2 protein chains.
Amino acid sequence: MAPTSETLTAERILEATEEVLRRHGPAKATVVDVARALGVSHGSVYRHFRTKAALREAVTKRWLDRSSEALAGIAAADRDPEDRLRDWARGLFEAKRRKAGDDPELFATYSVLVGENGTVVGDHLDDLTGQLTRIVRDGMAAGVFAAGDPATAAGAFFQATACFHDPCHAARWRRPGIDEEFEAVVELLVRGLRGSRRPV
Amino acid sequence: MAPTSETLTAERILEATEEVLRRHGPAKATVVDVARALGVSHGSVYRHFRTKAALREAVTKRWLDRSSEALAGIAAADRDPEDRLRDWARGLFEAKRRKAGDDPELFATYSVLVGENGTVVGDHLDDLTGQLTRIVRDGMAAGVFAAGDPATAAGAFFQATACFHDPCHAARWRRPGIDEEFEAVVELLVRGLRGSRRPV
DNA sequence: CAGATGACAGATATTGAAATCTGTCATCTG
DNA sequence: CAGATGACAGATTTCAATATCTGTCATCTG
């Protein structure tokens, strides 16, 4: 809001943009608002970001990257792959549910941004399935999971748990019994990864 | 469009409403349009449906019920439960994908209606998971699937395949490789239903 | 008299004029 | 001269007046 004497950096613009998005929502947040919040002219914002879309994309990427960090720790840990897989899936679900529950409007805002930015979101999903692939590969190497293509199995696991991390299902995350449903799905998938009793 | 001398029945109103929805879309389809299409006054429509919402709900129910029928046949067949499960899931996916692909606007229209009508949709989902439960129960009875609560397992299977039947994922059904992804998820789930190699 | 009608009040949607925003760029300033 | 500015054109959004719709009901008709 008040003009600041600090140098205008991309980082400061991104912070201001997040704040404007938080206050005004995705539909009403304008580049002019961001410039006003920083006490500069909107022309200065365009010096750092070519278009409004690029600015929104950068904000989205920042947000998604922050989401990945905590999970990356779980994926890289040196522990039983099956436990890691459960913890990772639970961590992803809990994080999403907490964000959706604590500040529904902000979550809705980011859901809109995510819908706008196919490329950035695709990279984020690749990042997450990459983390999953690492866990699955470790599990196969340790003989805990049945042999197969780790990337395919990780992709299937990720898709099968979409109900518990994809924003389009957010409305259901408040229902009672959702935790039991989550556990049931994860258990079913873990058993599937372990492999079949009867030979193929 | 042209006035008809036949008696005005709920059925005829529903047909006209489907047509109006198909032509005008969910946002612009009005009760007055429906009455015009039937050549009657809108007051007559209100004699059969208390509100516009009730009319839309009835149309939604009709549509969902039609969707269930084909699958019900698969679920009730007297065949190997594992094949039945695969065919059922594949049938659900194919039907949804075909509808979304053949007439995207109509599919979008019904997606909106589905979003409006929690109760009717809930019943439909109960119907589908009921069909799945029957298959899973048969599989457990035959020893093909590991013992457990059939309803829980069926619910988990249904949620885990949401990517391939929930309209909110419709945009991804055109991507190349989607069939392989579907197969991978179903295989993983089927292996999970068969049970674990190592004792719990 | 069962069923259809259309006038009506309040709610909702449409429309077009005015305001604001996006993106560019010639100009200014430290 | 690197970086900021604000005027500008064309695109988009807002807003208030206007039109349409929803749901009711007294009245009509076969």
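Chain A is the first sequence line, chain B the second, and so forth, proteins listed ahead of strands; every chain is numbered from 1. Source: prediction; values computed, not measured.
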DNA chain C: stems of at least 3 consecutive Watson-Crick or G-U pairs, cut-off 3.5 Å? C:1-30 with D:1-30
Expressed in angstrom and rounded to an integer, what is the separation of A:Phe49 atom CZ from C:dT22 atom P? 15 Å
Where the side chain of B:Arg36 is defined as all heavy atoms beyond and including C-beta, which of D:dC21, C:dG23, D:dT22 is the nearest nucleotide? D:dC21
With a 4.5 Å cut-off on side-chain heavy atoms, are B:Val120 and B:Trp63 touching? no
Is A:Leu85 close to A:Phe157 at the side-chain level, that is, under 4.5 Å between some pair of heavy atoms? yes
CZ/A:Arg174: more than 12 non-hydrogen atoms of other groups inside 6.0 Å: no
Which atom pairs link the protein and nucleotides 4-14 of chain D when you take only N or O atoms and keep those under 3.5 Å?
| from | atom 1 | to | atom 2 | distance (Å) |
| --- | --- | --- | --- | --- |
| D:dA4 | N7 | A:Arg47 | NH2 | 3.3 |
| D:dT5 | OP2 | A:Ser41 | N | 3.0 |
| D:dT5 | OP2 | A:Ser41 | OG | 3.4 |
| D:dT5 | OP2 | A:Ser44 | OG | 2.7 |

Need one value for A:Val31: base, sugar-phosphate or nothing, where a base atom within 4.0 Å counts as base even if backbone is also close, heavy atoms only. sugar-phosphate
Going by heavy atoms closer than 4.0 Å, what residues in residues 52-60 of chain A are next to DNA chain C? A:Lys52
Between D:dC21, D:dT24, C:dT22, spot the one nearest the side chain of A:Tyr46, thanks. C:dT22
With A:Arg97 as partner, the option from A:Asp166, A:Asp179, A:Asp102 fulfilling salt bridge (Lys or Arg N to Asp or Glu O under 4.0 Å) is A:Asp179
Any salt bridge linking B:Arg175 with B:Glu181? Criterion: basic side-chain nitrogen under 4.0 Å from a carboxylate oxygen. yes
Short side-chain to backbone donor-acceptor contact, A:Trp173 and A:Cys163, under 3.5 Å: yes
Thinking salt bridges, do A:Glu82 and A:Arg86 make one under a 4.0 Å N-O criterion? yes
For residues 132-144 of chain B, which side-chain N or O atoms pair as donor and acceptor with protein atoms under 3.5 Å away, sequence neighbours left out?
| from | atom 1 | to | atom 2 | distance (Å) |
| --- | --- | --- | --- | --- |
| B:Thr133 | OG1 | B:Thr129 | O | 2.7 |
| B:Asp138 | OD2 | B:Arg84 | NH1 | 3.0 |
| B:Asp138 | OD2 | B:Arg84 | NH2 | 3.1 |

Contacts satisfying salt bridge (Lys or Arg N to Asp or Glu O under 4.0 Å) that involve residues 42-62 of chain B (not counting sequence neighbours) are B:Glu11-B:Arg62, B:Glu18-B:Arg62, B:Arg56-B:Glu116, B:Lys61-B:Asp65
My understanding is that only residues two or more places apart in sequence, or in another chain, count here; which of them pass side chain to side chain contact (heavy atoms under 4.5 Å, CB included) with A:Glu19? A:Arg22, A:Arg23
Take the protein atom CG of B:Asp33 and the nucleotide atom P of C:dT14, then report the distance between them rounded to whole Å. 11 Å
So, does A:Asp33 use its side chain to make a donor-acceptor pair with the main chain of A:Thr30 at under 3.5 Å? yes
